[in-house]
Amino acid sequence: MIIKRGNRYGVRIYVAKRQVWVGSFRTRQEARLAEREALTRVRPANDETVAQFVERWLRDFKRPRASTNRHNAYMVKPLVGEFRSVKMSDISRRRAREWALRNRASVPVVRAMFNDALNEECVSTNPFANLRLDQRRGRRDLVVLSETEVRDLADASLNLFGAYGSTFRACVLFAAYVGLRPAEMFVLQWSDLDMARSKAHINRSLGSTGEVTLPKNGLRREIVLPPQAMGGAPGYAAAC
């Protein structure tokens, strides 16, 4: 870890979960060299390869949700594909960054896995930490549907889905005007709706493996039901 202090650069490293002060240097380049040399001197004795640790991590470091474990298993596959027989401690920051640029979606999971490896003293540093990759814009470039487009999309369900058309139409309108995640809407119950107060209680979510869990981040919430989501169209109230 390099820390700027005034006109100099300090270096700390982790050894057996403790911070060790390496020294203070005139330039960032000197600090990086000192950090690299210090980390080389304290290389862990653990010889686990990436494939070996991934297998152990998926078995012994399970997360509470089955859907999260499935997601993690999928996201570490590209790492195993490229570094299968490489020792965990031999992956440099340069190689980690090169891999991360080609597998951005997997980086958060791999970073978390290396944090667990660091705590286990299988590695002396996490090469996937603080890579400073360009941030994706995510949803900021999405074009939101207009009210007319939402209504047209909902009406199209009547022709596309036959006997289930009214149900799909209701779901489209409800999702658009209430903003529920699909996994939350799929397990919504009549008892969750308070029509008198125009409110809905979001208490549960459907996981990818079929289990019913708490909503995202484990937080229940109360949301507003606008008129369009409370039965403004034929068959809508009955369907939802």
Taking every non-hydrogen atom, the tightest pair across [X] and [Y]:
{"X": "Ala100", "Y": "Leu131", "value": "CB-CD1, 3.7 Å"}
{"X": "Glu184", "Y": "Lys216", "value": "OE2-N, 4.2 Å"}
{"X": "Gly10", "Y": "Trp21", "value": "CA-CH2, 3.5 Å"}
{"X": "Thr49", "Y": "Ser85", "value": "CG2-O, 3.6 Å"}
{"X": "Ser89", "Y": "Cys122", "value": "CB-O, 4.1 Å"}
{"X": "Pro215", "Y": "Ser205", "value": "CA-CB, 3.9 Å"}

Hey, does [Y] have a side-chain heavy atom less than 4.5 Å from the side chain of [X]?
{"X": "Met195", "Y": "Leu225", "answer": "yes"}
{"X": "Val212", "Y": "Leu206", "answer": "yes"}
{"X": "Arg97", "Y": "Leu133", "answer": "yes"}
{"X": "Leu173", "Y": "Val178", "answer": "no"}
{"X": "Glu55", "Y": "Glu48", "answer": "no"}
{"X": "Leu193", "Y": "Leu188", "answer": "yes"}
{"X": "Arg169", "Y": "Arg151", "answer": "yes"}
{"X": "Arg220", "Y": "Leu214", "answer": "yes"}

Rounded to the nearest 0.5 Å, what's the gap from [atom1] on [X] to [atom2] on [Y]? Could you check?
{"X": "Met185", "Y": "Leu180", "atom1": "CE", "atom2": "CG", "result": "7.0 Å"}
{"X": "Arg221", "Y": "Asn203", "atom1": "CZ", "atom2": "CG", "result": "10.0 Å"}
{"X": "Met88", "Y": "Trp57", "atom1": "CE", "atom2": "CH2", "result": "9.5 Å"}
{"X": "Asn72", "Y": "Ser67", "atom1": "CG", "atom2": "OG", "result": "9.5 Å"}
{"X": "Asn119", "Y": "Phe114", "atom1": "CG", "atom2": "CZ", "result": "13.0 Å"}
{"X": "Arg111", "Y": "Ser106", "atom1": "CZ", "atom2": "OG", "result": "11.5 Å"}

When you compare the side chains of Thr213 and Arg65, does any donor N or O come within less than 3.5 Å of an acceptor on the partner?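 On atom types as modelled, these side chains qualify, holding a pair under 3.5 Å.
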Taking atom [atom1] as the centre, does [X] end up with more than 12 heavy-atom neighbours from other residues, nucleotides or ligands that are less than 6.0 angstrom away?
{"X": "Phe161", "atom1": "CZ", "value": "yes"}
{"X": "Asp60", "atom1": "CG", "value": "yes"}
{"X": "Gln29", "atom1": "CD", "value": "no"}

Chi angles and distances behind the side-chain contact (heavy atoms from CB on, under 4.5 Å) call for Lys199, Val224: CA-CA 5 Å; Lys199 300 283 187 179; Val224 175; 3.8 Å; yes
Tell me whether [X] is salt-bridged to [Y], with the criterion being a basic N under 4.0 Å from an acidic carboxylate O.
{"X": "Arg95", "Y": "Asp90", "answer": "no"}
{"X": "Arg93", "Y": "Glu35", "answer": "no"}
{"X": "Arg102", "Y": "Glu98", "answer": "no"}

Assess the residue pair Met113 and Phe53 against the criterion (side-chain contact (heavy atoms from CB on, under 4.5 Å)); give the C-alpha distance rounded to whole Å, side-chain angles, the decisive distance to 0.1 Å, and a yes or no. CA-CA 9 Å; Met113 186 188 76; Phe53 186 81; 3.7 Å; yes
Measure the acute angle between the ring planes of Trp99 and Phe128, then classify it against the limits of 30° and 60° as parallel, tilted or perpendicular.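 Ring orientation, 0 to 90° scale: perpendicular.
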Verify, without hydrogens or angle tests, whether Lys4 (side chain) and Gly6 (backbone) share a donor-acceptor contact under 3.5 angstrom.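 Flag set: sc Lys4 to bb Gly6 pair under 3.5 Å.
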Given 3.5 Å as the limit, does a donor-acceptor pair link the side chain of Asp192 with the main chain of Gln189, or not?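 Confirmed, Asp192 side chain pairs with Gln189 backbone.
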Using the rule that Ile, Leu, Val, Met, Phe, Trp and Tyr join whenever any side-chain heavy atoms are under 4.5 Å apart, tell me whether [X] and [Y] fall into a single cluster.
{"X": "Trp190", "Y": "Phe186", "value": "yes"}
{"X": "Leu158", "Y": "Tyr177", "value": "no"}
{"X": "Val123", "Y": "Val86", "value": "yes"}

Among Lys62, Arg56, Arg63, the one residue meeting salt bridge (Lys or Arg N to Asp or Glu O under 4.0 Å) with Asp116: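 Exactly one candidate clears the test, Arg63.
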